[in-house]
Amino acid sequence: SVSGTDDEEFQQRVLALLQQGRPGTTMCPSDVARTLDAGGWRALMPRVREAAFTLADAGMVEVTQRGEVVNGRRARGAIRLRATIR
């Protein structure tokens, strides 16, 4: 069940979805939540966002707003995610 899903699994799901996209493209965190629970995805958003922020802290993901990289924990409003270009 999703309630038993640990934070690392959320992080892996974020990375897996980003790797499916073209390099440099962004996705909405809700895309990740919807793959976990199509009906109850909104309730998962805080955990998906936190997983993304943890990945950003590790340098694996960038959190963006209007194309600019931002600190996701301080950002207000919609954010998007992209894999870090290495």
Side-chain angles (χ1 to χ4, degrees):
S1 82
V2 174
S3 61
T5 304
D6 67 7
D7 294 337
E8 195 168 300
E9 192 167 328
F10 276 82
Q11 293 170 30
Q12 293 303 323
R13 189 68 66 108
V14 169
L15 290 174
L17 274 184
L18 282 171
Q19 287 165 359
Q20 288 173 17
R22 291 197 327 275
T25 59
T26 62
M27 71 172 189
C28 182
S30 66
D31 295 339
V32 178
R34 284 184 175 95
T35 68
L36 291 161
D37 186 349
W41 64 269
R42 283 181 182 83
L44 300 178
M45 286 299 293
R47 291 182 68 192
V48 170
R49 289 171 67 104
E50 189 55 41
F53 302 156
T54 299
L55 290 167
D57 292 343
M60 299 172 75
V61 168
E62 291 177 329
V63 178
T64 67
Q65 274 188 321
R66 293 181 283 291
E68 299 294 317
V69 176
V70 297
N71 178 328
R73 290 187 175 88
R74 287 206 282 270
R76 294 287 164 255
I79 59 170
R80 294 188 66 82
L81 310 173
R82 76 175 165 226
T84 305
I85 307 298
R86 292 193 179 272

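The basis for the numbers below is simple: all heavy atoms, side chains too, and nothing from hydrogens, waters or symmetry mates.
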Walk me through whether L55 and L15 qualify under side chain to side chain contact (heavy atoms under 4.5 Å, CB included). CA-CA 9 Å; L55 290 167; L15 290 174; 3.9 Å; yes
Would the distance check show the side chain of T84 and the main-chain N or O of V61 forming a donor-acceptor pair, the cut-off being under 3.5 Å? yes
Between R49 and V63, is the side chain to side chain contact (heavy atoms under 4.5 Å, CB included) condition met? List the steps. CA-CA 10 Å; R49 289 171 67 104; V63 178; over 6 Å; no
Under the rule for salt bridge (Lys or Arg N to Asp or Glu O under 4.0 Å), what residues qualify as partners of R73, not counting sequence neighbours? E50, D57
Only one of L17, T26, V14 passes side-chain contact (heavy atoms from CB on, under 4.5 Å) with L81, and that residue is V14
Hphob cluster co-occupancy, V70 + V48, side-chain heavy atoms under 4.5 angstrom: yes
Donor-acceptor check, side chain of Q65 to backbone of R76, threshold 3.5 angstrom: yes or no? yes
When the side chains of residues 30-38 are checked against the rest of the protein, which donor-acceptor pairs come out under 3.5 Å, sequence neighbours left out?
from	atom 1	to	atom 2	distance (Å)
S30	OG	R34	NH1	2.8
D31	OD2	C28	N	3.3
T35	OG1	R13	NH1	3.2
T35	OG1	V32	O	2.7
D37	OD1	G39	N	3.2
D37	OD1	G40	N	2.9

Heavy-atom nearest pair, P46 first then A43, reads CD-O, 3.6 Å
Within this structure, what is the CG-CD distance for the pair L18 and E62, rounded to the nearest 0.5 Å? 10.5 Å
